[in-house]
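Inspection log for the structure reproduced underneath, given as structure tokens.
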Amino acid sequence: TQPDKQTNGTNYILAIMGHSILNSVASLSSFLPSCKPFNLQVADLYCSACKCALCEDCLPNHAEHPKVALSQALEQHRNNLQERLGTVQDRLPQISDVLSFVKEILQQLTNQRASIEEDIQSSFEDLHKQLDVRKSVLLMELEVTYGLKQKVLQAQIDSLLRGEGDITTTCTQAEEALAGDPCVASLQVERELWERLGELAGLGLPCQPEENDQLDLVMETDGLRKSIHNLGTIVTTSAVASQSEAMGAGLEQCIVGHPASVTIVTRDKSGGACKSGNAILSAEVFTPDGSIVDGEIVDHKNGTYEFVYTVPKEGDFSLALRLYDQHIKGSPFKLTVTKTLEAELDVGAKRRGKSPGQKKKGSKRASSALGTPRRKTQNPIEDDLIFRIGTKGRNKGEFTNLQGVAASSNGRILIADSNNQCVQIFSNEGEFKSRFGVRGRSPGQLQRPTGVAVHPSGDIIIADYDNKWVSIFSCEGKFKAKLGSGRLMGPKGVSVDQNGHVIVVDNKACTVFIFQLTGKLITKFGSRGNGDKQFAGPHFAAVNKNNEIIVTDFHNHSVKVFTLEGELVLKFGSNGEGNGQFNAPTGVAVDINGNIIVADWGNSRIQVFDGSGSFLSYINTSADPLYGPQGLALTSDGHVVVADSGNHCFKVYRYLQ
């Protein structure tokens, strides 16, 4: 059998090692005396200066040179050779690992090529179908328009022909009567002809055209041809992580609650600056116990990127910047997050995650008779928490940066475990059921799952932020299809409307997309900005009983409600810690009464609003505070489940509707 590339690579390294050893052995000829011809009786000395063995004849010539015993020199050379051999052999595992990694990248590249080829084929087939449909519509429109005009003209022709025939016939009869001799017998006939001619003289005939012959085709093909000429782009960069670097004040420290910025400059393997964007870059700010902060990456399309993040608490953090899943130069960076003087003076009044009962306004949600027993502390707290599941890790029931949450009608809770590249499924009681997901960039693989939803058909819909598409899996976790490839830039949240359409919140594009399950785009709305119909890093979405889309607008600190056509219905929320205010809202759900439940990420709490956006209350989370909550959903038995990302778990709370 033919050896594979890895075996060839290993043999190549061994060949180099062998060549090096032979050179070293050849150098042993230096142990021979330098005199020619030399005395075969060699002395037991070695000249360190001349690097050769000494015979008795040449010994006087090296009297002033440093000398060591020949046995010692031989042993030293042997030790040097052995050390060099060990050093080279130690490179083999490293080379093997790199070889495997590069082969994996090549395989991913090949898979991506196949996927893009499939997308190109399907996209152009769809365009052909659309063109054929439009062609048929135009031909049908032509026939209908022609038919209507032809019917009018033909009716006019028929009317004129009848009139012409009547006049011709009557005129002929009158002429024949006039040609004969006048007599009493013809008097009656002539009188009738006279009356008939009178009728024909006054006959109303359509003597002006009742329709025109205009039937033109306006085909604006220039713009279409230009669009077709520029249709589709193969996007790539030559950026590599080992040469790319970051700079900016946000690399070292930031102030609690204030945006910090880091600029990333991508470079190729030779260190040259890349001039184009679209590199796959990820950024996370995390504590020693795990990831807790998600920021926004802005692509300047010139090879530079800006990462803007906000940290909700002070302390020591780390910032990991990865390009194609590899750390760039200096990553991870150490961050120091401090409070402003004003914040420290006001620390007693502004404490993140405090009990809702301590708020000046609003009321704590009433707890049911089956509530968690009061804790035996000086200030007992009645908590709405039923249970929590998870710790940091990669095993079943463990999470690393969990994001989206969904609940199915058959009593299942689904968690998008972002950094573990999988979805984990639990019962409503918290019992682990299954998990699925394989890390990668090919269809059917997950790179950074952030949103999850369940379709009425039972299919599981997953927003894959880094792969820039939405994947559809069966309820058993078998891959079925993907949608949005080539359109989406950074899908964060997904939901399903009452028509079974897939709602996708694109965090990077600041746009909401609506797709059919087949992948056909129905509509989209939104752009980057702070206007009513704009977003700044939108996160998740829910659909209410009116089939309206509720979107959390992260950096605009608000919640917005839209029709399916993208018309704004309602907007509520502002930046702050008061009732109805947000510090970057994330997860959202709607109960059967139309009340809106919102995860308030920066304030680490869950607020409840009525359908008009008026603040109602909090879910009490004080006994076991949340830390950067993300996705949120209502379970089939009426509880609230939330992804407590900073604490690496999900929590289920009692919720009285």
Side-chain angles (χ1 to χ4, degrees), residues 389 396-397 399 402-418 420-438 442-447 449-465 467 469-485 488 491-505 512-522 540-545 547 549-550 564 587-592 630-643 650 652:
I389 298 292
K396 298 175 181 178
F399 307 100
L402 66 168
Q403 295 276 310
V405 176
S408 67
S409 58
N410 63 344
R412 295 289 183 264
I413 295 172
L414 295 84
I415 306 293
D417 192 0
S418 181
N420 286 334
Q421 292 89 27
C422 70
V423 168
Q424 300 198 45
I425 303 176
F426 300 81
S427 70
N428 279 353
E429 296 71 37
E431 179 186 356
F432 176 83
K433 291 296 182 181
S434 63
R435 64 183 279 179
F436 65 89
V438 176
S442 300
Q445 297 179 323
L446 301 174
Q447 190 63 25
T450 52
V452 61
V454 180
H455 194 270
S457 65
D459 288 339
I460 300 171
I461 304 166
I462 302 173
D464 195 330
Y465 192 89
N467 276 334
W469 62 56
V470 171
S471 294
I472 312 295
F473 290 83
S474 69
C475 57
E476 294 85 17
K478 182 179 179 181
F479 176 71
K480 298 179 71 173
K482 64 182 175 74
L483 58 86
S485 179
L488 302 174
K492 175 79 175 182
V494 286
S495 186
V496 180
D497 70 8
Q498 294 173 12
N499 302 318
H501 296 153
V502 180
I503 313 296
V504 183
V505 180
V512 174
F513 291 82
I514 304 178
F515 294 93
Q516 291 181 354
L517 200 60
T518 59
K520 181 181 179 180
L521 177 65
I522 299 174
F540 294 99
V543 178
N544 65 17
K545 58 186 177 183
N547 213 20
I549 303 171
I550 305 169
L564 293 179
V588 61
V590 184
D591 68 19
I592 58 174
Q630 287 279 349
L632 180 148
L634 272 171
T635 63
S636 58
D637 53 359
H639 300 313
V640 170
V641 55
V642 61
F650 71 87
V652 175

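These figures come from a predicted structure and were not determined experimentally. Position 1 is the first residue of the sequence, and the numbers go up from there.
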Could I get the full list of salt bridge (Lys or Arg N to Asp or Glu O under 4.0 Å) partners for D497, not counting sequence neighbours?
none

ring-ring contact (aromatic ring centres under 6.0 Å, His included) partners of Y465, counting only residues at least two apart:
none

Who passes side chain to side chain contact (heavy atoms under 4.5 Å, CB included) against S409, sequence neighbours left out?
none

By ring-ring contact (aromatic ring centres under 6.0 Å, His included), F479 pairs with (sequence neighbours left out) F473

For Q447, all residues meeting side-chain hydrogen bond (donor to acceptor under 3.5 Å, both in side chains), sequence neighbours excluded
D325

Just jot down the side-chain hydrogen bond (donor to acceptor under 3.5 Å, both in side chains) partners of E429, sequence neighbours excluded, or say none.
S427

Among all residues two or more places apart in sequence or in another chain, which pass the side-chain hydrogen bond (donor to acceptor under 3.5 Å, both in side chains) test with S418?
none

For H501, the side-chain hydrogen bond (donor to acceptor under 3.5 Å, both in side chains) test, sequence neighbours excluded, returns none

Residues passing the side chain to side chain contact (heavy atoms under 4.5 Å, CB included) test with I549, sequence neighbours excluded, are I503, I514, F525, A541, V551, L564

In the structure I gave you, are the side-chain heavy atoms of D464 and P491 within less than 4.5 Å of one another anywhere?
no

Tell me, please, which residues at least two apart from K480 pass salt bridge (Lys or Arg N to Asp or Glu O under 4.0 Å).
D459

Which residues share a salt bridge (Lys or Arg N to Asp or Glu O under 4.0 Å) with E431, sequence neighbours left out:
K433

Return the set of residues passing side chain to side chain contact (heavy atoms under 4.5 Å, CB included) with V454 (not counting sequence neighbours), or none when no residue passes.
A406, S408, L414

